[in-house]
Novice: 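The structure's right below; bear with me while I get my questions together.
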Amino acid sequence: MGFHGMKTALCLIISALAMLLSLTPAAAQCHGREISEHVLGAPVCVPTAPSRIVVLDPFYNLGMGLELGLPIVGAPLMTAQDPDLRRAAEKASVTDIGDARQPSLERIVALKPDLIIGDATLHAQVRGMFEKVAPTVLIDVRNWKDHLQVLADMTGRRDTAAELLAGYEVRVAAIRARVPHFPVSILRITPSGFHVYVSGPASYAPYAVLREAGVQRTAYETVTDNTAFKRPGWEEIGLLDGKTLFYVVVSGYDQAPDDALEAATTKNPFWQMLPAVQAGRAYRVDRATWMGFHGVASAHRVLDDVERYIVNAP
């Protein structure tokens with residue numbers, strides 16, 4: 001081949017490469033469904049009907065995935081905070097892939113997934129590692145109901161999600177019509193201090209459910225910005241002056257030390273001065289519900305507490 005022939009051939013190769021590079025990976029290779037919104041690195045190509053799904057977190061993706069009836073074969077059950085969720089996953093023959101903070105790649109590979117689903121906040125840094133195993137989707141939304149809908153859209157379960165949410169909406173509206181109009185305080189007790197998950201645009205899911213149910217929080221616990229939680233010290237604890245107080249005790253993944261942590265906290269004179277404590281309206285609520293929120297079932301359990309301790313309380 002002469003010089004001009006080589007030059008022509010090279011130009012053709014360069015043109016072909018340019019055309020390939022102009023295509024997105026999904027457009028060039030996708031033979032399933034393209035997910036173009038609310039996922040990291042969109043568009044992402046996923047199988048039309050995935051049959052072996054691994055989820056990387058024991059919260060929204062595991063709980064909502066089971067509620068939607070997805071074929072989940074692996075999840076990090078070791079760090080699932082809700083024992084009921086763990087039992088449901090084991091009943092569905094979900095294999096434990098270890099710690100959610102560092103799931104076992106070897107176990108994931110052995111499960112031969114055709115889809116891996118994670119959370120953009122938790123798994124963005126390790127996405128490339130999982131993409132070598134199977135198509136990987138990291139959902140990037142803040143609201144728990146939006147997360148459910150994205151998960152349902154991607155897996156062809158829109159009708160199931162709509163039914164689940166419709167039942168929730170009916171119940172939350174009924175409770176909102178009956179909830180009394182007084183402020184409620186909610187506090188998380190940890191070994192390193194207090195956390196207050198606030199009511200606002202960026203509320204963590206259980207507290208978003210409270211807001212939808214019409215439960216009022218104190219001024220200290222209500223924001224208009226994207227603050228998710230505050231860390232009050234003992235000096236600020238008096239600002240939690242709601243008529244009712246919910247508190248969650250979380251000593252770590254191991255629940256065994258929770259009772260001792262509660263005892264040490266509730267003996268403090270500052271605690272005894274809280275209005276709800278003095279009125280006998282301070283209630284310890286389930287850590288699994290309030291810190292391990294994982295779907296519509298969790299939302300109903302939050303509403304159970306609202307009915308029990310706020311709507312129907314003496």
Side-chain angles (χ1 to χ4, degrees), residues 35-44 46 55-68 70 75-76 79-82 85 100-101 116-127 130 136-155 157-158 160-162 164-166 168-169 172-173 176 186-188 195-217 220-231 246 248 250 287-303 306:
I35 309 300
S36 57
E37 294 184 327
H38 307 305
V39 297
L40 195 65
V44 179
V46 302
V55 298
L56 300 176
D57 65 89
F59 303 109
Y60 290 0
N61 286 317
L62 176 58
M64 293 178 183
L66 292 175
E67 288 177 335
L68 292 172
L70 300 185
T79 42
Q81 294 191 28
D82 188 335
L85 177 61
R101 295 163 293 188
I116 297 173
I117 302 173
D119 179 272
T121 301
L122 298 175
H123 306 114
Q125 300 301 317
V126 291
R127 179 177 60 157
F130 296 113
T136 300
V137 180
L138 303 186
I139 299 177
D140 190 13
V141 293
R142 184 168 290 177
N143 180 280
W144 70 272
K145 291 189 286 187
D146 291 343
H147 192 112
L148 176 62
Q149 291 177 326
V150 172
L151 187 59
D153 287 347
M154 139 185 5
T155 55
R157 300 295 204 283
R158 290 183 183 180
T160 304
L164 289 168
L165 287 174
Y168 163 77
E169 297 293 353
V172 80
R176 188 165 56 242
I186 307 176
L187 182 66
R188 179 188 181 192
H195 295 167
V196 170
Y197 284 79
V198 299
S199 177
S203 293
Y204 174 42
Y207 308 91
V209 171
L210 279 184
R211 191 174 183 176
E212 288 194 333
V215 175
Q216 298 179 14
R217 304 283 295 280
Y220 177 78
E221 299 167 73
T222 305
V223 301
T224 56
D225 59 17
N226 286 326
T227 300
F229 69 94
K230 298 179 179 181
R231 297 176 182 269
F246 290 174
V248 187
V250 183
R287 62 160 17 202
T289 300
W290 292 87
M291 293 310 304
F293 191 100
H294 54 75
V296 178
S298 294
H300 281 290
R301 283 160 59 176
V302 170
L303 296 179
V306 172

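Heavy-atom basis, side chains included; hydrogens, waters and symmetry copies ignored. In this chain, numbering begins with 1 at the start of the sequence shown.
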Novice: Would you name the heavy atoms of Leu303 and Ala213 that are closest together and state the gap between them?
Specialist: CD2-CB, 4.0 Å
Novice: Output, in order, the C-alpha distance, side-chain angles, deciding distance and verdict of side-chain contact (heavy atoms from CB on, under 4.5 Å) for Val55 and Tyr60.
Specialist: CA-CA 10 Å; Val55 298; Tyr60 290 0; over 6 Å; no
Novice: Please enumerate all residues that pass salt bridge (Lys or Arg N to Asp or Glu O under 4.0 Å) together with Asp82, with sequence neighbours excluded.
Specialist: Arg301
Novice: Answer yes or no: is there a side-chain heavy-atom contact under 4.5 Å between Arg176 and Val215?
Specialist: no
Novice: List the atom of Val223, the atom of Thr227, and the distance in Å for their closest heavy-atom pair.
Specialist: CG2-O, 3.8 Å
Novice: Where do Ala202 and Ala228 come nearest, in terms of heavy atoms and distance?
Specialist: O-CB, 4.0 Å
Novice: For Ala208 and Ser203, which heavy atoms make the closest approach, and how far apart are they?
Specialist: N-CB, 3.8 Å
Novice: For Pro58 and Leu85, work out which heavy atoms get closest and say how close.
Specialist: O-CD2, 3.4 Å
Novice: Suppose we screen for side chain to side chain donor-acceptor pair (under 3.5 Å). Which residues come up paired with Ser199, at least two apart in sequence or across chains?
Specialist: none
Novice: Between CG of Leu122 and CZ of Arg101, what distance do you get to the nearest 0.5 Å?
Specialist: 11.5 Å
Novice: Should the pair His300 and Tyr168 be assigned to parallel (<30°), tilted (30 to 60°) or perpendicular (>60°) ring geometry?
Specialist: perpendicular
Novice: Flag the pair Val196 / Arg188 as yes when at least one side-chain heavy-atom distance between them is below 4.5 Å, and no otherwise.
Specialist: no
Novice: Going by heavy atoms in the side chains, are Met64 and His147 under 4.5 Å from each other?
Specialist: yes
Novice: In this structure, is the centre-to-centre distance between the rings of Trp290 and Tyr207 below 6.0 Å?
Specialist: yes
Novice: Determine whether Val150 and Glu37 make a side-chain contact, defined as any pair of heavy atoms from C-beta on separated by less than 4.5 Å.
Specialist: no
Novice: State the CG-CD distance between Leu210 and Gln216, to the nearest 0.5 angstrom.
Specialist: 12.0 Å
Novice: Would you find a donor on one side and an acceptor on the other, under 3.5 Å apart, between the side chain of Gln81 and the backbone of Arg287?
Specialist: no
Novice: Going from CG on Leu62 to OG1 on Thr79, what distance comes out if it is rounded to the nearest 0.5 angstrom?
Specialist: 10.0 Å
Novice: What are the two closest non-hydrogen atoms of Glu67 and Val296, and how far apart are they?
Specialist: OE1-N, 3.0 Å
Novice: Donor-acceptor pair, distance only, cut-off 3.5 Å: does the side chain of Thr136 make one with the backbone of Arg127?
Specialist: no
Novice: If you define the side chain from C-beta out and look only at heavy atoms, does anything of Val39 sit under 4.5 Å from Leu138?
Specialist: no
Novice: Looking at side-chain heavy atoms only, is the closest gap between Asp119 and Leu56 below 4.5 Å?
Specialist: no
Novice: So that I can tick it off, tell me whether Lys145 and Glu212 are bridged by a salt bridge, with the cut-off set at under 4.0 angstrom between side-chain N and carboxylate O.
Specialist: yes
Novice: Does a donor on one side chain sit under 3.5 Å from an acceptor on the other, for Asp153 and His38?
Specialist: no
Novice: Checking side chain to side chain contact (heavy atoms under 4.5 Å, CB included) against Asp146, which of Leu151, Val141, Ile139, Asp140 comes through?
Specialist: Val141
Novice: How about Tyr204 and Trp144: are their ring centres within less than 6.0 Å of each other?
Specialist: no
Novice: Are His123 and Asp57 side-chain neighbours, meaning at least one heavy-atom pair lies under 4.5 Å?
Specialist: yes
Novice: Is it the case that over 12 heavy atoms from other parts of the model lie below 6.0 angstrom from the CZ atom of Arg158?
Specialist: no
Novice: Is the shortest side-chain heavy-atom distance between Leu40 and Val137 below 4.5 Å?
Specialist: no
Novice: Between His294 and Phe59, is the gap from one ring center to the other below 6.0 Å?
Specialist: no
